[in-house]
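Take a look at the structure set out below.
Throughout, protein chains are lettered first and strands after them, A, B, ... in sequence-line order, and every chain is numbered starting at 1. Side chains included, hydrogens not; waters and symmetry mates left out as well; all remaining heavy atoms used.
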Amino acid sequence: MKEIEVTLTVNKRVHTVNVAPRMTLVDCLRDILRLTGTHVGCEHGVCGACSVMFDGEPVRSCLMFAVQAEGHEITTVEGLVGEDGEISDLQDSFWECHAMQCGYCTPGMLISSHALLMENPSPDDHDIREAISGNLCRCTGYQQIVEAVKMAAERRQEGL
Amino acid sequence: MKAATFDYVRPASVDEVCRLLADAGEMERKIIAGGQTLVPLMAMRMSRPDMLIDINDVNGLSEIEDKGDHLVIGGCTRQRALERSEIISKRLPLLAKAIRKVGHIQTRNRGTIGGSIVHGDPTAEISMAALALEASVLLRSVSEEKEVPLDGFFEAAMVTNIEPDQILTEVRIPVWEGASIGTGFYETASRESDYAIVSAMAQIELAADGTIVKAAVSAGGVAPCPLKLRGVELALKGSKPAELSSALDGLDEEIDPDTDVHATAGYRSRVARRLITRAIEDAVSEAKNERD
Amino acid sequence: MKYQKIGQPVRRREDARLLKGQGRFSDDWSVDGQTYMAVVRSTYAHAFILGIDVEVARSMPGVLTILTGDDARLDNLAPIPHSPLPSTKHDMKLEGPNGSEVFIGDHTLLPTDKVRYVGEAIAIVVAETLAQAEDAAEVVSVNYDPLPAVTDTAKAAENGAPTIWDEVPDNICVETFFGDKERTDAAFAAAQDVVEMDIVIDRVTGVPMEPRAALGDYNLDTGRYTIYAGSGGSVRQKREIAEVLGVEGDTVRVVSKDVGGNFGTRNRLYVEFPLVGWASRKIGRPVKWTCDRGESFLSDYQGRDLVTRVSLALDDAGQFLAMRADNLSNVGSRMVSLSPLSKGSGLITGSYDIPVAYLRSRAVFSNTAPTNAYRSSGRPEVTFAIERLVETAAAELGYDPIELRRKNLVSSEQMPYPNAVGMTYDSGEYAKSMDMCMDLADWRGFETRKKEAESRGMLLGRGFANYVESSIGTPREQAEIHVRADGHIDLVIGTQPSGQGHETSFAQVAAEWLGVPVNTISVIVGDTDLVKVGGGSHSGRSMRMAGTVIVKAADELIEKSKKLAAVVLEAAETDLEFHDGKFQVVGTDREISLYALAEVVGRRSDLPEKLSVIEDNVMETPVFPNGCHICEIEIDPVSGAYKIARYTTVDDVGRAINPLIVDGQTHGGIVQGAGEALGELCAMDPESGQPLAGSFMDYHMPRADEYPSFKTELNEVPSPTNPLGVKAGGEGGTTPALAVLVNGFVDALRPFGVRDIQMPVTPRKVWELIKAGS
């Protein structure tokens, strides 16, 4: 199948790639751009491991084809890190609260939590659990993730 | 799995989409909007279109317009846009209530109103709300454009009355203007964010004396496709909320639940009765509050 | 002893990379020129393979090779040398019927005779891209002659069931008796009351979020295979892959860095790992395979699947007199591990002092995916059985379930306590943990909460369970400590974390002993060129085995360094004191740090030794983590929908090295157990043997919005069996969760005449029970 040239912006960098139409966005990120932080957990849109920000909104990158990203902006977990290489406050809360074990779902969890905090700066437990209900985690039982998101929100509120 | 191979086009106009669909011949050409239902099917190779027609760049398919007695919603409007729309929350409170239960935030960010409706899931919240409110859809092909009421559009589970050469361009949903309107929505799933096993929705308008003047009621999971409960609506109209229980007398004749891996027919019909009652009760009490 | 670093909630070192998306999971490895493998899998549960036609597939775009079982046979690939029989000193030993040797059967990589379950690998396709490999795999045409199939555990053991292996016509591959039949029979005959239950613990699967993957790279020049593949322990994988490929051990290097969850599923070797190595040699290019989720539902080794009949004899005061159990474990079509049956066999009497017991343990083949140890292998099953049995006994004989438990609990004074089937519990305060947990759960406030729920039309049920589980595992572990002049210490160890935080907790132990900061210690795992010996991570062994050998190695390092420090400081060894990572001449300011010493030793030719030690440790004695869990479940009788309102735990993990990590293990363990109790099921069509759960759309994975936050506390009773007092913290969350939740549902539904509910407890099941009992 003929490949199609696609220009997309990932973590503020513009990339031009050639992809077969059937290549998913997540495969393009991982296999062509070698951004392996975004993970594939199911390829059928349920587990959320492949979550990325697409034009500022969280989406599942296994449910999009790379050709559909033409002209769009994507932020992956690698892009949550500041330009100075410093992790974000949300990532720091995840660290402090032990919000990950194997770490496989973590990039997707960070993306979903990041999106939540942009929209709702003071979420309660229910809001957080709802926001991450589309991300499966097999290790943590979710509790320390909820605590981490809450900690990040509280610290932002306090201006820390 | 990776999807089977296909051609990809991204037309800029509805005309172009229609032409591509009309020219399909023996090939299977499919429209992709949000892709939240289609792409998983393709990833399991249960759907293998020869061509995907991406309508995300088609202009004018994602607007929400208030036309007075109804809203016009572009077929490619994201579910998340509906969720955030002030017009929707003011003018279509039932849809506003239902939308948050559709999938997850990540899928609502891509999934569209048109995609949800043409797909025909028996418990899809958007379809149920639109059906209850007597919405219609605008279908276009090269040869014609026609408005089709949703009542009758859903044929069977995952089957709707859209032809392979048609594109859904608009959803038209009537707006209720009354002063005291309330809505109710219940669904039961294995858990909150799952596909519903049974669901029920109601929108009620009360007169000043508390009489029900208008009622829209629909249920999901009680028939092969979303169902508008005309008999229940008729029984409600002109009655007082106190007479609620008798409004459901004819329910069993209206529904046609099936037994599947998720639930038995008996479970569906018994639970539906309770959920419909709760939805109506909620709608009535909300309408009362509106009035007071 | 007062520790400074052990017991602290130290932030995990591994998180620094995981948070940034810089982990290195199996599919993250890529090497130049790599190709992709797809696996052709059986679509029948049981069928002869008459032929495989690959001609059309071979001509597909991008296809490089297609290999079948005939090719593997020509290349003399050996079957996987699983060692399914638990064999360490304290394992319950299993035998075949009538004392015969257990028939294991070959786990051929690609069978040529017949397929024995849906999803069994029968051919591989290698192509330039994965999509092309999958395109070609679809058109490989297999000619089957279907046979009758059996998937159900009890049915597979019935007369006339289809035979999976000709060598075992009745499918029963294990039959072993434990305990004292005569005394048990006598106790039952004399008992005032006997309570009996039939219990089915159905098939589930581990579902690590990272699907399995392997990248094989055969080097033509050196003749070496490198396999990048996450697992439960690279050393074992290397040994077995080499054996399958018919090469010397060191011809194979296995590299495993970050592993996205294991839960037992990755402990044993899978056919795909040697297959990528073999395929790479055949085509002269690297070959990568990544399992998709549908494939993992078919082909991952699965878990649980035990049918048991249990009975309990009581005297007229509620004292337990004896217990009987008849356990039947489904090993699937190929025998990979008998760990669940063996582990469970040793713990049938649970936390209770039951003087005599008699147990029959059997295993049966069936046309299903092989089973393996799955989180807390064997223990949740028997905990479920005993705790359901005790609860039922209380309800039916009119005892208060708490008082009945208290009366029969193994007491602290009885420790170490030998149970009726031969296990010796090392230590524990079972009664105290019960008290603590009931306090924490506000046991007394339940009636008020129940009334409040009832006022809203809801039912509120309360579940309770004690548990004791065993941590045994491979007894040998090795640690290497290398002090580097640059101020770092390398700690090489043969366990394999998959989220348990070894890089941190092991560093805490070493840092404690060596008196250096935790972040100066680098824990090295997973690459068999660096790690030569190691038992991997399973059975809750890692912290205990590693902690012990690290302490031993650190003591040895200090001993050895002291001699060198004495030379460098020109002082007598007896005048040297070791503290804070340095040697000091007592009463002076003359001192040298370990790092400085390493630098000096590296430089001076008169001190040829390096500041390195390698220590081995063998520790056979098992430990017995234990505890108590309590839950409350609110049920909507209208729809059967429910939510877990409260869940409270007190666990004795022995000494907790890092409480943050232990808490996480507990939370995750609870949800993994709850998943099985509430929704997870590898449903299969009983006629065709087709799996019905092949994706996340039909396998109910626990999600965040289904659970409340849990209250968890520890009752740390250090184990006397090892220097750190460690027991284990990874399985305690899961072990009682099934029993606690089902006890809670039964409690709520008892007014409707409900005695038992088979898992998974779905809203529909709850609703039907309410309807039937109304």
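Using a 4.5 Å cut-off between heavy atoms, B:Ile32 touches chain A through its side chain atoms alone. For B:Met1, the part lying near chain A is the backbone, with the side chain staying farther off; criterion is any non-hydrogen pair under 4.5 Å. Proximity to chain B (any heavy atom under 4.5 Å) is restricted, for A:Asp27, to the side chain, taken from C-beta onward. The part of A:Ile4 that comes within reach of chain B is its side chain, from C-beta onward, which places non-hydrogen atoms under 4.5 angstrom from that chain. Neither the backbone nor the side chain of A:Cys42 comes within less than 4.5 Å of any heavy atom in chain B.
Under a 4.0 Å N-O distance rule, the pair A:Glu57/B:Arg78 does not qualify as a salt bridge.
Residue A:Met64 holds its CE atom at 8.0 Å from CG of B:Asp54, rounded to the nearest 0.5 Å. Going from atom CG of A:Leu63 over to atom CG of B:Asn109 covers 12.0 Å, rounded to the nearest 0.5 Å. Distance CG/B:Leu52 to CZ/A:Arg22: 12.5 Å, rounded to 0.5 Å.
Side chain of A:Arg60 to main chain of B:Gln36: no donor-acceptor pair is present (N/O by atom type, distance under 3.5 Å, no hydrogens or angles). Judged by distance alone, with hydrogens and angles left aside, the side-chain atoms of B:Gln106 form no donor-acceptor pair with the main-chain N or O of A:Pro58 at under 3.5 Å.
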**OP:** Go through A:Glu43 and B:Lys2 one step at a time and tell me if the salt bridge (Lys or Arg N to Asp or Glu O under 4.0 Å) criterion holds.
**Re:** CA-CA 8 Å; A:Glu43 279 190 317; B:Lys2 309 302 171 196; 2.5 Å; yes
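Taking a 6.0 Å sphere around NZ of B:Lys30, one finds it holds 12 or fewer heavy atoms contributed by other residues, nucleotides or ligands.
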